[in-house]
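Here is the structure we will look at.
Side chains are part of it too, since the values below use all heavy atoms of this structure and drop only hydrogens, waters and symmetry mates. Here is how names work: the chains are called A, B, and so on, in the same order as the sequence lines, proteins then strands, and each is numbered from 1.
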Protein chains: 2
Amino acid sequence: MTPQASHSNPFAQVAETDADPLGRIGVRMPFAAGEEIYAQDEEADMVYRVVSGAVRTTRLLSDGRRQIGDFYYPGDLFGLESGTEHRFSAEALGDAVVMVIKRSALSHYGDDGLRMERLIWSATARELQRTQEHLMLLGCKSACEKVAAFLLDIADRAKGELAVLAMGRQDMADYLGMTIETVCRMLRQLQDDGLVEFKGSRRFQLKQRAALSRLVVV
Amino acid sequence: MTPQASHSNPFAQVAETDADPLGRIGVRMPFAAGEEIYAQDEEADMVYRVVSGAVRTTRLLSDGRRQIGDFYYPGDLFGLESGTEHRFSAEALGDAVVMVIKRSALSHYGDDGLRMERLIWSATARELQRTQEHLMLLGCKSACEKVAAFLLDIADRAKGELAVLAMGRQDMADYLGMTIETVCRMLRQLQDDGLVEFKGSRRFQLKQRAALSRLVVV
DNA sequence: CGTTTCTTTGAATCCGGTCAAGGTCCGTGG
DNA sequence: CCACGGACCTTGACCGGATTCAAAGAAACG
(Lines give C-alpha, C1' and ligand atoms only; values in the text may rest on other atoms or scores of the structure.)
Protein backbone atom coordinates (compact mmCIF):
# COMPACT_ATOMS: atom_id res chain seq x y z
CA MET A 1 0.00 0.00 0.00
CA THR A 2 1.65 3.19 -1.14
CA PRO A 3 1.62 6.38 0.90
CA GLN A 4 0.45 8.30 -2.19
CA ALA A 5 -3.00 9.72 -2.58
CA SER A 6 -5.11 6.91 -3.88
CA HIS A 7 -8.82 6.68 -4.51
CA SER A 8 -8.57 2.97 -4.88
CA ASN A 9 -8.34 1.80 -1.33
CA PRO A 10 -10.43 3.04 1.52
CA PHE A 11 -7.62 2.23 3.92
CA ALA A 12 -4.85 3.97 2.03
CA GLN A 13 -3.24 7.04 3.50
CA VAL A 14 -2.60 10.29 1.75
CA ALA A 15 0.84 11.79 1.81
CA GLU A 16 0.70 15.03 3.70
CA THR A 17 3.71 16.73 2.23
CA ASP A 18 3.42 16.16 -1.50
CA ALA A 19 2.84 18.74 -4.22
CA ASP A 20 -0.72 19.19 -3.08
CA PRO A 21 -1.14 22.37 -1.02
CA LEU A 22 -3.72 20.67 1.17
CA GLY A 23 -0.90 18.55 2.50
CA ARG A 24 0.59 21.58 4.22
CA ILE A 25 -2.35 23.89 4.86
CA GLY A 26 -4.80 22.81 7.51
CA VAL A 27 -4.91 20.79 10.67
CA ARG A 28 -4.82 17.05 11.02
CA MET A 29 -7.68 15.72 13.10
CA PRO A 30 -8.47 12.15 14.13
CA PHE A 31 -12.05 10.97 14.57
CA ALA A 32 -13.37 7.86 16.26
CA ALA A 33 -15.80 5.51 14.54
CA GLY A 34 -19.16 7.18 14.14
CA GLU A 35 -17.98 10.52 15.42
CA GLU A 36 -19.43 13.65 13.88
CA ILE A 37 -17.07 15.81 11.85
CA TYR A 38 -19.53 18.59 11.27
CA ALA A 39 -23.23 18.98 11.88
CA GLN A 40 -26.20 19.54 9.64
CA ASP A 41 -27.04 23.27 9.55
CA GLU A 42 -23.63 24.15 10.93
CA GLU A 43 -21.85 27.19 9.54
CA ALA A 44 -19.65 26.04 6.69
CA ASP A 45 -16.31 27.78 6.42
CA MET A 46 -14.22 24.64 6.57
CA VAL A 47 -13.13 22.25 3.90
CA TYR A 48 -12.12 18.73 4.75
CA ARG A 49 -10.00 16.06 3.23
CA VAL A 50 -9.93 12.41 4.12
CA VAL A 51 -6.44 11.26 5.07
CA SER A 52 -7.28 7.76 6.23
CA GLY A 53 -10.48 5.85 6.86
CA ALA A 54 -13.75 6.86 5.26
CA VAL A 55 -16.48 9.44 5.77
CA ARG A 56 -20.18 9.66 5.04
CA THR A 57 -22.36 12.73 4.70
CA THR A 58 -25.90 12.31 5.93
CA ARG A 59 -29.03 14.31 6.27
CA LEU A 60 -31.83 13.59 8.68
CA LEU A 61 -35.43 14.56 8.18
CA SER A 62 -37.26 15.64 11.32
CA ASP A 63 -39.09 12.32 11.48
CA GLY A 64 -35.87 10.32 11.43
CA ARG A 65 -35.67 9.33 7.79
CA ARG A 66 -32.11 9.53 6.63
CA GLN A 67 -30.40 10.07 3.32
CA ILE A 68 -26.71 9.56 2.80
CA GLY A 69 -25.23 12.07 0.39
CA ASP A 70 -22.01 10.31 -0.40
CA PHE A 71 -19.07 8.36 0.90
CA TYR A 72 -15.57 9.81 0.86
CA TYR A 73 -12.25 8.01 0.81
CA PRO A 74 -8.60 9.01 1.29
CA GLY A 75 -7.73 11.92 -0.95
CA ASP A 76 -11.32 13.10 -1.34
CA LEU A 77 -12.38 16.62 -0.40
CA PHE A 78 -15.72 16.95 1.34
CA GLY A 79 -17.78 19.52 3.16
CA LEU A 80 -18.13 21.79 0.14
CA GLU A 81 -21.79 21.05 -0.34
CA SER A 82 -22.99 24.51 0.51
CA GLY A 83 -22.96 28.22 0.16
CA THR A 84 -23.33 29.22 3.78
CA GLU A 85 -24.32 26.28 5.93
CA HIS A 86 -24.12 22.51 5.64
CA ARG A 87 -27.21 20.71 4.46
CA PHE A 88 -25.64 17.43 5.46
CA SER A 89 -23.64 16.35 8.45
CA ALA A 90 -20.45 14.33 8.12
CA GLU A 91 -19.40 11.37 10.24
CA ALA A 92 -16.41 9.07 10.28
CA LEU A 93 -17.36 5.58 9.11
CA GLY A 94 -14.66 3.89 11.11
CA ASP A 95 -11.71 5.51 12.80
CA ALA A 96 -10.54 8.20 10.42
CA VAL A 97 -8.08 11.03 10.07
CA VAL A 98 -9.14 14.22 8.33
CA MET A 99 -7.35 17.41 7.33
CA VAL A 100 -9.37 20.52 8.13
CA ILE A 101 -8.80 23.78 6.29
CA LYS A 102 -10.35 27.12 7.10
CA ARG A 103 -11.56 28.41 3.80
CA SER A 104 -11.51 32.09 4.70
CA ALA A 105 -7.87 31.75 5.75
CA LEU A 106 -6.71 30.52 2.37
CA SER A 107 -5.72 34.01 1.25
CA HIS A 108 -2.89 33.97 3.80
CA TYR A 109 -1.20 31.11 2.06
CA GLY A 110 -0.21 32.84 -1.18
CA ASP A 111 0.21 30.51 -4.13
CA ASP A 112 -0.74 27.47 -2.13
CA GLY A 113 -3.92 29.16 -1.05
CA LEU A 114 -4.79 29.95 -4.65
CA ARG A 115 -4.12 26.44 -5.80
CA MET A 116 -6.24 25.25 -2.94
CA GLU A 117 -9.08 27.51 -4.02
CA ARG A 118 -8.89 26.03 -7.47
CA LEU A 119 -8.86 22.52 -6.04
CA ILE A 120 -11.96 23.35 -4.06
CA TRP A 121 -13.86 24.58 -7.07
CA SER A 122 -13.01 21.62 -9.18
CA ALA A 123 -13.99 19.35 -6.32
CA THR A 124 -17.28 21.23 -6.05
CA ALA A 125 -17.92 20.67 -9.74
CA ARG A 126 -17.15 16.98 -9.30
CA GLU A 127 -19.43 16.89 -6.29
CA LEU A 128 -22.24 18.27 -8.40
CA GLN A 129 -21.65 15.61 -11.04
CA ARG A 130 -21.64 12.81 -8.51
CA THR A 131 -24.81 14.16 -6.96
CA GLN A 132 -26.45 14.18 -10.37
CA GLU A 133 -25.38 10.60 -10.91
CA HIS A 134 -26.88 9.78 -7.54
CA LEU A 135 -30.07 11.49 -8.65
CA MET A 136 -30.35 9.15 -11.64
CA LEU A 137 -29.85 6.21 -9.36
CA LEU A 138 -32.57 7.26 -6.93
CA GLY A 139 -35.01 8.44 -9.55
CA CYS A 140 -34.74 5.81 -12.26
CA LYS A 141 -33.31 2.59 -10.96
CA SER A 142 -34.78 -0.57 -9.46
CA ALA A 143 -33.54 -2.02 -6.19
CA CYS A 144 -31.41 -4.56 -8.00
CA GLU A 145 -29.89 -1.98 -10.31
CA LYS A 146 -29.12 0.29 -7.39
CA VAL A 147 -27.21 -2.37 -5.53
CA ALA A 148 -25.38 -3.48 -8.65
CA ALA A 149 -24.34 0.09 -9.40
CA PHE A 150 -23.18 0.55 -5.84
CA LEU A 151 -21.03 -2.57 -5.84
CA LEU A 152 -19.51 -1.64 -9.19
CA ASP A 153 -18.60 1.79 -7.90
CA ILE A 154 -16.89 0.33 -4.85
CA ALA A 155 -15.21 -2.44 -6.77
CA ASP A 156 -13.78 0.01 -9.28
CA ARG A 157 -11.92 1.80 -6.54
CA ALA A 158 -10.38 -1.49 -5.46
CA LYS A 159 -8.88 -2.23 -8.88
CA GLY A 160 -9.56 -5.92 -9.18
CA GLU A 161 -8.62 -6.95 -5.69
CA LEU A 162 -11.02 -8.03 -3.03
CA ALA A 163 -13.16 -4.98 -2.42
CA VAL A 164 -13.99 -3.87 1.09
CA LEU A 165 -17.15 -2.08 2.10
CA ALA A 166 -16.32 0.73 4.49
CA MET A 167 -19.96 0.95 5.55
CA GLY A 168 -22.62 -1.33 6.97
CA ARG A 169 -25.91 -2.37 5.42
CA GLN A 170 -27.91 0.45 6.95
CA ASP A 171 -25.61 3.00 5.37
CA MET A 172 -25.89 1.29 2.01
CA ALA A 173 -29.66 1.31 2.35
CA ASP A 174 -29.81 4.99 3.25
CA TYR A 175 -27.52 5.85 0.38
CA LEU A 176 -29.59 3.88 -2.12
CA GLY A 177 -32.96 5.01 -0.83
CA MET A 178 -34.21 1.60 0.20
CA THR A 179 -34.49 -0.60 3.28
CA ILE A 180 -31.79 -2.69 4.81
CA GLU A 181 -33.81 -5.85 4.16
CA THR A 182 -34.10 -5.14 0.47
CA VAL A 183 -30.37 -4.47 0.27
CA CYS A 184 -29.75 -7.89 1.79
CA ARG A 185 -32.16 -9.56 -0.58
CA MET A 186 -30.58 -7.96 -3.63
CA LEU A 187 -27.11 -8.91 -2.45
CA ARG A 188 -28.31 -12.48 -2.04
CA GLN A 189 -29.81 -12.45 -5.51
CA LEU A 190 -26.63 -11.14 -7.10
CA GLN A 191 -24.66 -13.82 -5.31
CA ASP A 192 -27.09 -16.58 -6.26
CA ASP A 193 -26.78 -15.44 -9.85
CA GLY A 194 -23.01 -15.73 -9.51
CA LEU A 195 -22.28 -12.08 -10.29
CA VAL A 196 -20.44 -11.34 -7.07
CA GLU A 197 -19.10 -13.34 -4.19
CA PHE A 198 -19.04 -12.17 -0.59
CA LYS A 199 -16.59 -13.35 1.98
CA GLY A 200 -18.25 -12.16 5.15
CA SER A 201 -20.57 -9.21 5.01
CA ARG A 202 -18.00 -6.59 4.01
CA ARG A 203 -15.62 -8.20 1.56
CA PHE A 204 -16.55 -9.15 -1.94
CA GLN A 205 -15.23 -9.83 -5.36
CA LEU A 206 -16.82 -9.31 -8.76
CA LYS A 207 -17.35 -12.64 -10.49
CA GLN A 208 -18.96 -11.46 -13.70
CA ARG A 209 -18.17 -7.82 -14.16
CA ALA A 210 -19.72 -7.67 -17.61
CA ALA A 211 -23.02 -9.16 -16.49
CA LEU A 212 -23.10 -6.87 -13.49
CA SER A 213 -22.48 -3.75 -15.50
CA ARG A 214 -25.16 -4.85 -17.94
CA LEU A 215 -27.54 -4.47 -15.03
CA VAL A 216 -26.38 -0.90 -14.60
CA VAL A 217 -28.03 0.93 -17.45
CA VAL A 218 -26.24 4.14 -18.41
CA MET B 1 -45.70 42.15 -14.36
CA THR B 2 -42.43 43.96 -13.96
CA PRO B 3 -39.62 43.75 -16.45
CA GLN B 4 -37.19 43.02 -13.61
CA ALA B 5 -35.56 39.69 -13.04
CA SER B 6 -38.09 37.72 -11.05
CA HIS B 7 -38.19 34.16 -9.90
CA SER B 8 -41.81 34.45 -9.11
CA ASN B 9 -43.43 34.15 -12.47
CA PRO B 10 -42.47 31.72 -15.18
CA PHE B 11 -43.66 34.15 -17.77
CA ALA B 12 -41.81 37.19 -16.52
CA GLN B 13 -39.06 38.66 -18.61
CA VAL B 14 -35.62 39.65 -17.45
CA ALA B 15 -34.30 43.08 -18.26
CA GLU B 16 -31.34 42.70 -20.54
CA THR B 17 -29.58 45.94 -19.76
CA ASP B 18 -29.67 46.20 -16.01
CA ALA B 19 -26.73 46.09 -13.60
CA ASP B 20 -26.29 42.40 -14.24
CA PRO B 21 -23.40 41.79 -16.64
CA LEU B 22 -25.24 38.88 -18.16
CA GLY B 23 -27.63 41.38 -19.60
CA ARG B 24 -24.94 42.68 -21.90
CA ILE B 25 -22.59 39.77 -22.42
CA GLY B 26 -23.91 36.94 -24.52
CA VAL B 27 -26.32 36.32 -27.32
CA ARG B 28 -30.09 36.27 -27.16
CA MET B 29 -31.57 33.10 -28.61
CA PRO B 30 -35.22 32.12 -29.00
CA PHE B 31 -36.29 28.47 -28.79
CA ALA B 32 -39.53 26.86 -29.82
CA ALA B 33 -41.54 24.65 -27.48
CA GLY B 34 -39.68 21.42 -26.84
CA GLU B 35 -36.60 22.49 -28.74
CA GLU B 36 -33.24 21.33 -27.47
CA ILE B 37 -30.93 24.01 -26.12
CA TYR B 38 -27.99 21.73 -25.59
CA ALA B 39 -27.53 17.98 -25.75
CA GLN B 40 -26.55 15.40 -23.21
CA ASP B 41 -22.80 14.64 -23.55
CA GLU B 42 -22.25 17.85 -25.48
CA GLU B 43 -19.14 19.88 -24.77
CA ALA B 44 -19.98 22.45 -22.12
CA ASP B 45 -18.35 25.83 -22.56
CA MET B 46 -21.58 27.79 -22.55
CA VAL B 47 -23.64 29.20 -19.74
CA TYR B 48 -27.30 29.99 -20.23
CA ARG B 49 -29.82 32.24 -18.65
CA VAL B 50 -33.56 32.10 -19.02
CA VAL B 51 -34.96 35.38 -20.29
CA SER B 52 -38.55 34.29 -20.81
CA GLY B 53 -40.39 31.01 -20.74
CA ALA B 54 -39.05 28.03 -18.85
CA VAL B 55 -36.44 25.31 -19.35
CA ARG B 56 -35.97 21.76 -18.14
CA THR B 57 -32.79 19.73 -17.94
CA THR B 58 -33.23 16.03 -18.61
CA ARG B 59 -31.15 12.93 -18.78
CA LEU B 60 -32.08 9.82 -20.68
CA LEU B 61 -30.90 6.34 -19.85
CA SER B 62 -30.19 4.12 -22.82
CA ASP B 63 -33.42 2.20 -22.26
CA GLY B 64 -35.52 5.35 -22.38
CA ARG B 65 -36.02 6.04 -18.69
CA ARG B 66 -35.81 9.73 -18.05
CA GLN B 67 -34.89 11.90 -15.13
CA ILE B 68 -35.49 15.61 -15.04
CA GLY B 69 -32.73 17.47 -13.24
CA ASP B 70 -34.51 20.73 -12.65
CA PHE B 71 -36.75 23.41 -14.06
CA TYR B 72 -35.47 26.92 -14.70
CA TYR B 73 -37.37 30.17 -14.85
CA PRO B 74 -36.60 33.73 -15.96
CA GLY B 75 -33.44 35.00 -14.29
CA ASP B 76 -32.07 31.51 -13.57
CA LEU B 77 -28.69 30.42 -14.84
CA PHE B 78 -28.45 26.88 -16.14
CA GLY B 79 -26.06 24.62 -18.01
CA LEU B 80 -23.39 24.78 -15.34
CA GLU B 81 -23.93 21.22 -14.24
CA SER B 82 -20.56 19.95 -15.37
CA GLY B 83 -16.82 20.13 -15.57
CA THR B 84 -16.32 19.25 -19.21
CA GLU B 85 -19.47 17.91 -20.79
CA HIS B 86 -23.17 18.08 -20.00
CA ARG B 87 -24.66 15.15 -18.16
CA PHE B 88 -28.11 16.45 -18.88
CA SER B 89 -29.65 18.00 -21.95
CA ALA B 90 -31.74 21.16 -21.78
CA GLU B 91 -34.99 21.82 -23.58
CA ALA B 92 -37.42 24.72 -23.73
CA LEU B 93 -40.67 23.86 -21.96
CA GLY B 94 -42.72 26.23 -24.04
CA ASP B 95 -41.47 28.93 -26.32
CA ALA B 96 -38.54 30.49 -24.55
CA VAL B 97 -35.79 33.04 -24.93
CA VAL B 98 -32.36 32.32 -23.53
CA MET B 99 -29.13 34.30 -23.25
CA VAL B 100 -26.09 32.27 -24.19
CA ILE B 101 -22.62 33.16 -22.91
CA LYS B 102 -19.37 31.60 -23.95
CA ARG B 103 -17.58 30.91 -20.73
CA SER B 104 -14.08 30.91 -22.13
CA ALA B 105 -14.71 34.35 -23.62
CA LEU B 106 -15.52 35.97 -20.29
CA SER B 107 -11.95 37.17 -19.81
CA HIS B 108 -12.46 39.60 -22.70
CA TYR B 109 -15.13 41.47 -20.84
CA GLY B 110 -13.03 42.95 -18.04
CA ASP B 111 -14.98 43.70 -14.90
CA ASP B 112 -18.23 42.42 -16.30
CA GLY B 113 -16.54 39.17 -17.14
CA LEU B 114 -15.23 38.86 -13.61
CA ARG B 115 -18.59 39.60 -12.08
CA MET B 116 -20.07 37.07 -14.41
CA GLU B 117 -17.56 34.46 -13.30
CA ARG B 118 -18.57 35.09 -9.71
CA LEU B 119 -22.23 34.83 -10.62
CA ILE B 120 -21.54 31.52 -12.27
CA TRP B 121 -19.85 30.09 -9.21
CA SER B 122 -22.54 31.16 -6.85
CA ALA B 123 -25.13 29.73 -9.21
CA THR B 124 -23.16 26.48 -9.29
CA ALA B 125 -23.19 26.34 -5.50
CA ARG B 126 -26.95 26.96 -5.50
CA GLU B 127 -27.32 24.29 -8.15
CA LEU B 128 -25.56 21.83 -5.88
CA GLN B 129 -27.86 22.73 -3.02
CA ARG B 130 -30.97 22.30 -5.10
CA THR B 131 -29.71 18.98 -6.38
CA GLN B 132 -29.15 17.84 -2.81
CA GLU B 133 -32.66 18.88 -1.92
CA HIS B 134 -33.87 16.91 -4.90
CA LEU B 135 -31.90 13.94 -3.62
CA MET B 136 -33.78 14.02 -0.32
CA LEU B 137 -37.03 14.13 -2.21
CA LEU B 138 -36.21 11.13 -4.38
CA GLY B 139 -34.58 9.10 -1.64
CA CYS B 140 -36.84 9.69 1.34
CA LYS B 141 -40.28 10.83 0.32
CA SER B 142 -43.54 9.11 -0.51
CA ALA B 143 -45.48 9.84 -3.68
CA CYS B 144 -47.84 12.14 -1.84
CA GLU B 145 -45.04 14.06 -0.13
CA LYS B 146 -43.21 14.46 -3.41
CA VAL B 147 -46.17 16.02 -5.13
CA ALA B 148 -46.93 18.25 -2.17
CA ALA B 149 -43.33 19.47 -2.07
CA PHE B 150 -43.41 20.11 -5.78
CA LEU B 151 -46.58 22.17 -5.64
CA LEU B 152 -45.29 24.18 -2.71
CA ASP B 153 -42.10 24.97 -4.57
CA ILE B 154 -44.02 26.21 -7.58
CA ALA B 155 -46.59 28.08 -5.54
CA ASP B 156 -43.86 29.90 -3.62
CA ARG B 157 -42.56 31.39 -6.83
CA ALA B 158 -46.01 32.69 -7.64
CA LYS B 159 -46.36 34.63 -4.38
CA GLY B 160 -49.94 33.92 -3.49
CA GLU B 161 -51.45 34.34 -6.91
CA LEU B 162 -52.78 31.56 -9.05
CA ALA B 163 -49.75 29.42 -9.74
CA VAL B 164 -49.09 28.13 -13.22
CA LEU B 165 -47.32 24.89 -14.03
CA ALA B 166 -44.89 25.44 -16.88
CA MET B 167 -44.66 21.69 -17.44
CA GLY B 168 -47.00 18.80 -18.15
CA ARG B 169 -47.71 15.75 -16.02
CA GLN B 170 -45.04 13.61 -17.64
CA ASP B 171 -42.37 16.18 -16.79
CA MET B 172 -43.60 16.33 -13.22
CA ALA B 173 -43.46 12.55 -13.02
CA ASP B 174 -39.94 12.37 -14.41
CA TYR B 175 -38.82 15.06 -12.03
CA LEU B 176 -40.33 13.32 -9.02
CA GLY B 177 -39.23 9.83 -9.99
CA MET B 178 -42.70 8.36 -10.33
CA THR B 179 -45.26 7.56 -13.02
CA ILE B 180 -47.65 9.98 -14.57
CA GLU B 181 -50.61 8.01 -13.25
CA THR B 182 -49.41 8.26 -9.69
CA VAL B 183 -48.89 11.99 -10.10
CA CYS B 184 -52.50 12.33 -11.22
CA ARG B 185 -53.76 10.25 -8.34
CA MET B 186 -51.84 12.27 -5.77
CA LEU B 187 -53.07 15.51 -7.28
CA ARG B 188 -56.61 14.22 -7.03
CA GLN B 189 -56.07 13.20 -3.43
CA LEU B 190 -54.68 16.61 -2.48
CA GLN B 191 -57.66 18.24 -4.13
CA ASP B 192 -60.18 15.90 -2.50
CA ASP B 193 -58.56 16.75 0.83
CA GLY B 194 -59.05 20.42 0.02
CA LEU B 195 -55.38 21.35 0.18
CA VAL B 196 -55.14 22.71 -3.34
CA GLU B 197 -57.55 23.58 -6.08
CA PHE B 198 -56.88 23.15 -9.76
CA LYS B 199 -58.48 25.18 -12.49
CA GLY B 200 -57.65 23.12 -15.53
CA SER B 201 -54.59 20.92 -15.48
CA ARG B 202 -52.01 23.66 -15.18
CA ARG B 203 -53.38 26.34 -12.89
CA PHE B 204 -53.82 25.89 -9.19
CA GLN B 205 -54.07 27.68 -5.91
CA LEU B 206 -53.06 26.60 -2.44
CA LYS B 207 -56.10 26.26 -0.20
CA GLN B 208 -54.42 25.15 3.00
CA ARG B 209 -50.80 26.08 2.83
CA ALA B 210 -50.12 25.03 6.41
CA ALA B 211 -51.60 21.57 5.97
CA LEU B 212 -49.73 21.11 2.73
CA SER B 213 -46.39 22.08 4.18
CA ARG B 214 -47.04 19.76 7.11
CA LEU B 215 -46.97 16.98 4.51
CA VAL B 216 -43.55 18.13 3.43
CA VAL B 217 -41.25 16.95 6.21
CA VAL B 218 -38.03 18.91 6.44
C1' DC C 1 -64.83 19.75 -36.19
C1' DG C 2 -62.01 15.85 -36.44
C1' DT C 3 -57.58 14.37 -34.85
C1' DT C 4 -53.95 14.15 -31.84
C1' DT C 5 -51.97 14.65 -27.56
C1' DC C 6 -52.40 14.98 -22.78
C1' DT C 7 -54.84 13.88 -18.56
C1' DT C 8 -57.64 11.18 -15.57
C1' DT C 9 -59.60 7.06 -13.65
C1' DG C 10 -60.12 2.04 -12.72
C1' DA C 11 -58.54 -2.74 -11.98
C1' DA C 12 -55.02 -5.97 -11.51
C1' DT C 13 -50.33 -6.84 -10.46
C1' DC C 14 -45.87 -6.63 -8.39
C1' DC C 15 -41.90 -4.68 -6.23
C1' DG C 16 -40.25 -3.21 -2.21
C1' DG C 17 -41.58 -2.27 2.61
C1' DT C 18 -43.00 -3.97 7.12
C1' DC C 19 -42.98 -7.09 10.76
C1' DA C 20 -41.01 -10.85 13.07
C1' DA C 21 -37.42 -14.41 13.84
C1' DG C 22 -33.16 -16.38 13.55
C1' DG C 23 -28.28 -16.25 12.56
C1' DT C 24 -23.54 -14.46 12.65
C1' DC C 25 -19.85 -11.94 14.22
C1' DC C 26 -17.07 -9.99 17.96
C1' DG C 27 -15.68 -8.15 22.14
C1' DT C 28 -15.87 -8.91 27.14
C1' DG C 29 -15.49 -11.28 31.17
C1' DG C 30 -15.79 -15.42 33.72
C1' DC D 1 -10.95 -21.05 26.12
C1' DC D 2 -15.58 -20.72 26.13
C1' DA D 3 -20.00 -18.53 27.49
C1' DC D 4 -22.59 -14.54 27.19
C1' DG D 5 -24.52 -10.27 25.26
C1' DG D 6 -25.23 -6.91 21.92
C1' DA D 7 -24.92 -5.13 17.34
C1' DC D 8 -25.36 -6.24 12.85
C1' DC D 9 -26.92 -9.14 9.12
C1' DT D 10 -30.08 -12.42 6.87
C1' DT D 11 -34.31 -14.66 5.79
C1' DG D 12 -39.33 -15.51 5.56
C1' DA D 13 -44.25 -14.27 5.34
C1' DC D 14 -47.30 -10.85 4.57
C1' DC D 15 -48.89 -6.33 3.23
C1' DG D 16 -49.51 -2.16 0.76
C1' DG D 17 -48.09 1.69 -2.11
C1' DA D 18 -46.85 2.45 -6.59
C1' DT D 19 -46.65 0.62 -11.28
C1' DT D 20 -48.76 -1.42 -15.18
C1' DC D 21 -52.25 -2.04 -18.36
C1' DA D 22 -56.36 -0.43 -20.35
C1' DA D 23 -59.68 2.84 -21.59
C1' DA D 24 -62.39 6.92 -21.17
C1' DG D 25 -62.29 12.17 -20.94
C1' DA D 26 -60.55 16.68 -21.75
C1' DA D 27 -57.83 19.91 -23.99
C1' DA D 28 -55.02 21.62 -27.87
C1' DC D 29 -54.43 22.22 -32.74
C1' DG D 30 -54.78 22.45 -37.51
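Comparing D/dT20, C/dT18, C/dT7 against the side chain of B/I180 picks out C/dT7 as the nearest. Side-chain proximity of A/M178 to the nucleotides D/dC9, D/dC21, C/dG17 is greatest for C/dG17. Closest contact between the side chain of A/R185 and the listed nucleotides D/dG12, D/dC9, D/dT20 involves D/dG12. Checked against C/dG16, C/dT8, D/dT20, the side chain of A/T182 finds its nearest nucleotide in C/dG16. When distances are taken from the side chain of B/T179 to each of C/dT7, D/dT10, D/dT19, the shortest belongs to D/dT19.
Annotation: the span from A/L80 atom CG to A/H86 atom NE2 amounts to 9.0 Å, rounded to 0.5 Å. A distance of 11.5 Å separates CE in A/M29 from CE in A/M99, rounded to the nearest 0.5 Å. In this structure, the separation between CZ on A/R103 and CD1 on A/I120 is 4.5 Å, given to the nearest 0.5 Å. Interatomic distance, A/D70 CG to A/D76 CG, rounded to the nearest 0.5 Å: 8.0 Å.
The side-chain heavy atoms of B/M172 and B/K146, taken from C-beta on, include no pair separated by under 4.5 Å.
In this structure, B/R169 atom CZ and C/dT8 atom C1' are separated by 9 Å, rounded to whole Å. Here the C1' atom of nucleotide D/dC9 and the CD atom of A/Q191 are 12 Å apart, to the nearest Å. To the nearest angstrom, C1' of C/dT24 lies 16 Å from CZ of A/R203. Note: CG (A/L190) to P (D/dT11) measures 13 Å, nearest angstrom. Taking atom CG of residue B/D192 and atom P of nucleotide C/dT8, one finds them 12 Å apart after rounding to whole Å. As rounded to whole Å, 13 Å separates atom P of D/dG17 from atom CD of B/E145. Taking atom CG of residue A/D171 and atom P of nucleotide D/dA7, one finds them 16 Å apart after rounding to whole Å. In this structure, B/Q170 places its CD atom 13 Å from P of C/dT8, rounding to the nearest Å.
The residue among B/M186 and B/E181 whose nearest nucleotide of DNA chain D is located toward the 5' end is B/M186. The 5' end of DNA chain C is approached more closely, in terms of each residue's nearest nucleotide, by A/G177 than by the other of A/G177 and A/G200.
Close to D/dT10, at under 4.0 Å from its OP1 or OP2, lies no side-chain N or O of A/R188.
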